[in-house]
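Written out below as C-alpha coordinates is the structure these notes cover.
Start at 1 with the first residue, then count along the sequence. All of these numbers come straight from a predicted model, not from anything done at the bench.
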Amino acid sequence: MLSFPAAIKGYLCTVPCDMRRSFDGLSMLAEHVIGCNPYAGHLLVFSNRRTDRVKILYWDRDGWAIWYKRLEVGTFQFPFVETGRKEIAAWELAVLLEGIDLSQGKRRKRYTLPAARQEEEREKAGKESDTS
(Lines give C-alpha, C1' and ligand atoms only; values in the text may rest on other atoms or scores of the structure.)
Protein backbone atom coordinates (compact mmCIF):
# COMPACT_ATOMS: atom_id res chain seq x y z
CA MET A 1 0.00 0.00 0.00
CA LEU A 2 1.16 3.51 -0.75
CA SER A 3 1.37 6.10 1.98
CA PHE A 4 0.94 9.77 1.20
CA PRO A 5 1.74 12.84 3.30
CA ALA A 6 -1.40 14.61 4.52
CA ALA A 7 -0.40 17.84 2.73
CA ILE A 8 -0.58 16.17 -0.68
CA LYS A 9 -3.75 16.79 -2.64
CA GLY A 10 -5.18 14.30 -5.04
CA TYR A 11 -7.12 15.22 -8.15
CA LEU A 12 -9.26 12.55 -9.78
CA CYS A 13 -9.85 12.98 -13.48
CA THR A 14 -13.55 12.11 -13.57
CA VAL A 15 -13.53 11.50 -17.31
CA PRO A 16 -12.42 8.01 -18.44
CA CYS A 17 -8.90 8.07 -19.91
CA ASP A 18 -6.98 6.04 -22.45
CA MET A 19 -4.46 4.06 -20.39
CA ARG A 20 -2.00 4.06 -23.31
CA ARG A 21 -1.21 7.68 -22.47
CA SER A 22 2.07 8.31 -20.73
CA PHE A 23 3.82 11.29 -19.17
CA ASP A 24 3.09 13.97 -21.77
CA GLY A 25 -0.46 12.85 -22.55
CA LEU A 26 -1.44 12.62 -18.90
CA SER A 27 0.13 15.98 -18.02
CA MET A 28 -1.84 17.53 -20.90
CA LEU A 29 -5.04 16.00 -19.47
CA ALA A 30 -4.14 17.43 -16.07
CA GLU A 31 -3.90 20.93 -17.54
CA HIS A 32 -6.92 20.86 -19.84
CA VAL A 33 -9.40 18.43 -18.25
CA ILE A 34 -8.60 18.55 -14.53
CA GLY A 35 -7.63 22.23 -14.74
CA CYS A 36 -4.64 22.25 -12.42
CA ASN A 37 -0.91 22.84 -12.66
CA PRO A 38 0.69 19.41 -13.22
CA TYR A 39 4.02 20.70 -11.84
CA ALA A 40 2.54 21.50 -8.40
CA GLY A 41 3.50 18.08 -7.02
CA HIS A 42 -0.05 16.90 -6.37
CA LEU A 43 -1.25 13.43 -7.31
CA LEU A 44 -3.17 13.32 -10.58
CA VAL A 45 -5.29 10.17 -10.74
CA PHE A 46 -6.64 8.72 -13.99
CA SER A 47 -8.74 5.62 -14.64
CA ASN A 48 -10.04 3.79 -17.69
CA ARG A 49 -13.72 3.29 -18.55
CA ARG A 50 -13.85 -0.22 -17.05
CA THR A 51 -12.25 1.15 -13.83
CA ASP A 52 -9.91 -1.82 -13.52
CA ARG A 53 -6.78 0.32 -14.09
CA VAL A 54 -5.47 3.44 -12.41
CA LYS A 55 -2.50 5.68 -13.20
CA ILE A 56 -1.20 8.28 -10.79
CA LEU A 57 1.02 10.98 -12.27
CA TYR A 58 3.04 13.40 -10.18
CA TRP A 59 5.97 15.77 -10.55
CA ASP A 60 8.86 14.63 -8.35
CA ARG A 61 11.15 17.70 -8.09
CA ASP A 62 13.17 16.85 -11.18
CA GLY A 63 10.93 14.74 -13.38
CA TRP A 64 7.63 12.94 -13.88
CA ALA A 65 6.70 9.75 -12.09
CA ILE A 66 3.83 7.38 -12.86
CA TRP A 67 2.37 4.76 -10.56
CA TYR A 68 0.19 2.23 -12.39
CA LYS A 69 -2.11 -0.47 -11.03
CA ARG A 70 -4.13 -3.07 -12.95
CA LEU A 71 -6.63 -5.20 -11.07
CA GLU A 72 -6.88 -8.87 -11.99
CA VAL A 73 -10.40 -9.13 -10.50
CA GLY A 74 -12.88 -6.39 -9.61
CA THR A 75 -12.95 -2.66 -10.18
CA PHE A 76 -12.18 0.59 -8.40
CA GLN A 77 -15.09 2.69 -7.15
CA PHE A 78 -14.29 5.62 -9.41
CA PRO A 79 -16.73 8.55 -9.74
CA PHE A 80 -17.20 9.39 -13.43
CA VAL A 81 -18.97 12.73 -13.94
CA GLU A 82 -18.76 15.44 -16.57
CA THR A 83 -17.12 18.08 -14.35
CA GLY A 84 -13.59 16.92 -15.13
CA ARG A 85 -12.14 16.73 -11.65
CA LYS A 86 -12.75 15.84 -8.03
CA GLU A 87 -10.34 16.79 -5.28
CA ILE A 88 -9.71 14.10 -2.69
CA ALA A 89 -7.55 13.80 0.40
CA ALA A 90 -4.55 11.48 0.50
CA TRP A 91 -6.31 9.05 2.86
CA GLU A 92 -9.33 8.90 0.49
CA LEU A 93 -7.03 7.95 -2.37
CA ALA A 94 -5.42 5.23 -0.27
CA VAL A 95 -8.85 3.85 0.63
CA LEU A 96 -9.98 4.00 -3.02
CA LEU A 97 -6.90 2.02 -4.08
CA GLU A 98 -7.63 -0.58 -1.38
CA GLY A 99 -11.08 -1.20 -2.88
CA ILE A 100 -13.27 0.39 -0.23
CA ASP A 101 -16.39 2.17 -1.48
CA LEU A 102 -16.49 5.61 0.12
CA SER A 103 -19.96 6.37 -1.24
CA GLN A 104 -21.45 3.75 1.11
CA GLY A 105 -19.94 5.37 4.18
CA LYS A 106 -21.14 8.47 5.93
CA ARG A 107 -18.73 11.21 6.89
CA ARG A 108 -19.17 12.54 10.39
CA LYS A 109 -19.15 16.26 11.00
CA ARG A 110 -15.70 17.82 11.47
CA TYR A 111 -14.28 21.32 11.51
CA THR A 112 -13.07 22.68 8.18
CA LEU A 113 -11.44 25.95 7.31
CA PRO A 114 -13.79 28.55 5.77
CA ALA A 115 -12.08 28.38 2.36
CA ALA A 116 -12.51 24.60 2.25
CA ARG A 117 -16.17 24.96 3.23
CA GLN A 118 -16.80 27.36 0.36
CA GLU A 119 -15.24 24.87 -2.07
CA GLU A 120 -17.45 22.05 -0.73
CA GLU A 121 -20.56 24.24 -1.03
CA ARG A 122 -19.67 25.08 -4.65
CA GLU A 123 -19.26 21.38 -5.45
CA LYS A 124 -22.62 20.55 -3.82
CA ALA A 125 -24.33 23.36 -5.72
CA GLY A 126 -22.82 22.04 -8.97
CA LYS A 127 -24.08 18.51 -8.26
CA GLU A 128 -27.58 19.78 -7.44
CA SER A 129 -27.76 21.81 -10.64
CA ASP A 130 -26.61 18.77 -12.67
CA THR A 131 -29.42 16.60 -11.29
CA SER A 132 -32.19 19.15 -11.90
Would you name the heavy atoms of [X] and [Y] that are closest together and state the gap between them?
{"X": "Arg50", "Y": "Thr75", "result": "O-CG2, 3.4 Å"}
{"X": "Leu29", "Y": "Cys17", "result": "CD1-SG, 3.8 Å"}
{"X": "Asn48", "Y": "Asp52", "result": "ND2-OD1, 2.7 Å"}
{"X": "Gln77", "Y": "Leu96", "result": "O-CD1, 2.9 Å"}
{"X": "Pro38", "Y": "Ser27", "result": "CG-O, 4.0 Å"}

_Let me confirm one number: the OH-CD1 distance from Tyr11 to Ile88, rounded to the nearest 0.5 Å._
11.0 Å

*At what distance, to the nearest 0.5 angstrom, does OG1 of Thr51 lie from CZ of Phe76?*
8.0 Å

*Any sub-3.5 Å donor-acceptor pair from Ser47's side-chain atoms to Arg53's backbone N or O?*
yes

Side chain proximity check, [X] to [Y], heavy atoms < 4.5 angstrom:
{"X": "Tyr39", "Y": "Trp64", "value": "yes"}
{"X": "Leu26", "Y": "Leu44", "value": "no"}
{"X": "Met28", "Y": "Arg21", "value": "yes"}
{"X": "Leu97", "Y": "Ile56", "value": "yes"}

*asked:* Applying side-chain hydrogen bond (donor to acceptor under 3.5 Å, both in side chains), can you list everything that pairs with Arg61, at least two apart in sequence or on another chain?
replied: none

*Answer yes or no: are there more than 12 heavy-atom neighbours, outside Asp24 itself, under 6.0 Å from its atom CG?*
no

*Quickly, which of Ile34, Val33, Leu12 forms a side chain to side chain contact (heavy atoms under 4.5 Å, CB included) with Phe46? Name it, please.*
Ile34

_If you take the centroid of each ring, where Trp contributes its six-membered ring, are Trp59 and Phe23 closer together than 6.0 Å?_
no

